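None of these values were measured; they are calculated from a predicted model. Residue numbers count from 1 along this sequence. We count ligands from 1, going down the list as the structure has it; atoms in each ligand are counted the same way.
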Amino acid sequence: MNRIFSGMRPTGKLHIGHLAGALTNWVRLQEDYDCYYGIVDWHALMSDYADTSRVRENCREVLLDWLGAGLDPEKCAIFIQSHVVEHTELALALGMITPLGWLERCPTYKEQILNLQNKDLGTYAFLGYPVLMAADILLYRSEKVPVGEDQSAHLEIAREIARRFNYFYGSTFPEPETLLTPTPKVPGIDGRKMSKSYGNSINISDDLPEIWQKMRTMMTDPARERRSDPGDPEKCPVWDIHRVFNPDEDQKSEIDRGCRTAGIGCIDCKKMLFNHVERCLMPIQERRRRYEGRPDLLQDVLRQGAEKARKVARQTMVAVKEAMGLYI
Ligand code: ADP
């Protein structure tokens, strides 16, 4: 079976954008691939090194959301990146052959430095973010990587690093390809992309009254100021979420018509959406709760996941050291 690695940084509770844009797909992939899913804590420290007080708790939240969403520790390896030391070892090895220019030119590097001006990201490690990410992927010799568009620049660097390694030391790594999956952009309640850093997210673990409260105040097509104003679903972020979470095609046609003719109001439309999101989140929250009170189970999941990951990681590192001519 082909191996796949994917990861998320432990930045706190995950939202329904993570669910639709990544997790639902990850759950499907565990049926057909040998999947390795890492909570990449070293990556989180690269931008949050000055205040690490929430890393531990955030790892726990991500783990709970993953298990809730249906990642099954019997089918895939779920682990914390720092528990498998080979990630950092391979990153160091790959760092030997990575030209600085590749990292300095990476579009996300410049973008992040501009966007996160309250943090000093002029560090050695932050520049090397794509090298660690390449190590994450190549450690499992993954041929395919399920990542969103936002990560494609990083994946390109991973491919170039693999190619360069193979050129210097002989064929060791496959060049990982993007596993193209439809990943819908889920907007947040203010209409921008749903993101933790914008404070506009509906979290997987929010309780129902909280979700309704957020949805009720969610932005809609600005043309619908009054109930009697017709609207255009294409301009409405609530509609974008319908597209992702509402499987009822007939109902969606009705909403489309109702919105354009002012036959239904935004609150009616939001109530329907709320029902679909509720139906989707109920089993996830139920599973999440079962793990919440069981720290022992969470430990088991992480221990078992790291053991499984380490087996592959060690083999790769032997091959890497042999290829690089180290004394093993
Ligand atoms: P990271 O954890 O690497 O910092 P993010 O927190 O931005 O990245 O999200 C991880 C992944 O979840 C993204 O690569 C993307 O696939 C998915 N994702 C995040 N936010 C959204 C969203 N609003 N809509 C769709 N997918 C999203």
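- Looking at atom 16 (O) of ligand 1, its nearest protein heavy atom turns out to be Gly21 O, 3.6 Å.
- Judged by distance alone, the side chains of Asp41 and Ser82 do bring a donor and an acceptor atom under 3.5 Å apart.
- Distance screen at 4.0 Å: atom 8 (O) of ligand 1 has no protein heavy-atom neighbour inside the cut-off.
- A cation-pi arrangement is absent between Arg288 and Trp66 under the rule of less than 6.0 angstrom and at most 45 degrees off the ring axis.
- Which of Ser201, Gly12, Ala22 comes nearest to atom 17 (C) of ligand 1 through a heavy atom is settled by distance: it is Ala22.
- Residue-level proximity to ligand 1 for Lys185 is carried by the backbone, the only part with a heavy atom below 4.0 angstrom.
- Cation-pi check for Arg192 over Tyr198 is met; the charged atom lies under 6.0 angstrom from the ring centroid and within 45 degrees of its normal.
- Atom 1 (P) of ligand 1 has its closest protein heavy atom at Arg9 NE, 3.6 Å.
- Using a distance-only test at 3.5 Å, with no hydrogens or angles considered, a donor-acceptor pair links the side chain of Asp206 to the main chain of Asn203.
- Ring pair Phe165/Phe173: centre-to-centre distance below 6.0 Å.
- Residue contacts with ligand 1: Thr11 is excluded, as none of its non-hydrogen atoms falls under 4.0 Å.
- In terms of heavy atoms, Val84 sits closest to Phe79 at CG2-CD1, 3.7 Å.
- The residue from Leu19, Ile16, Val186 that alone fulfils the side-chain contact (heavy atoms from CB on, under 4.5 Å) condition with Ile202 is Ile16.
- Residue contacts with ligand 1, taken as heavy atom pairs separated by less than 4.0 Å, involve Gln151 solely via side-chain atoms from C-beta onward.
- Interface atoms of ligand 1 facing His15, defined by a heavy-atom separation under 4.0 Å, are 20 (N), 21 (C).
- Connection of Val40 to Leu64 is not established within any shared hydrophobic cluster, with ILVMFWY side chains joined at heavy-atom distances below 4.5 Å, either directly or through further cluster members.
- Taking the ring centroids of Tyr140 and His87, they lie under the 6.0 Å cut-off.
- If you check each of Ala20, Ser195, Pro184 against atom 25 (C) of ligand 1, the one with the closest non-hydrogen atom is Pro184.
- Ligand 1 has a nitrogen or oxygen under 3.5 angstrom from a nitrogen or oxygen of Gly17.
- Counting heavy atoms under 4.0 Å from ligand 1, residue Val147 does not touch it at all.
- With hydrogens left out, the protein atom closest to atom 19 (C) of ligand 1 is His18 CD2, 3.6 Å, a heavy atom.
- Of the N and O atoms on the side chains of Asp136 and His43, at least one donor lies less than 3.5 Å from an acceptor on the other residue.
- Near Val186, meaning under 4.0 Å from any of its heavy atoms, are these atoms of ligand 1: 22 (C), 23 (N), 24 (N), 25 (C).
- Under a 4.0 angstrom heavy-atom cut-off, Lys196 registers as lying outside contact with ligand 1.
- For ligand 1, the atoms sitting less than 4.0 Å from at least one non-hydrogen atom of Lys193 are 20 (N), 21 (C), 22 (C), 23 (N), numbered in the order shown with element in parentheses.
- Numbered from 1 in the order shown, with element, the atoms of ligand 1 that lie under 4.0 Å from a heavy atom of Asp150 read 13 (C), 14 (O).
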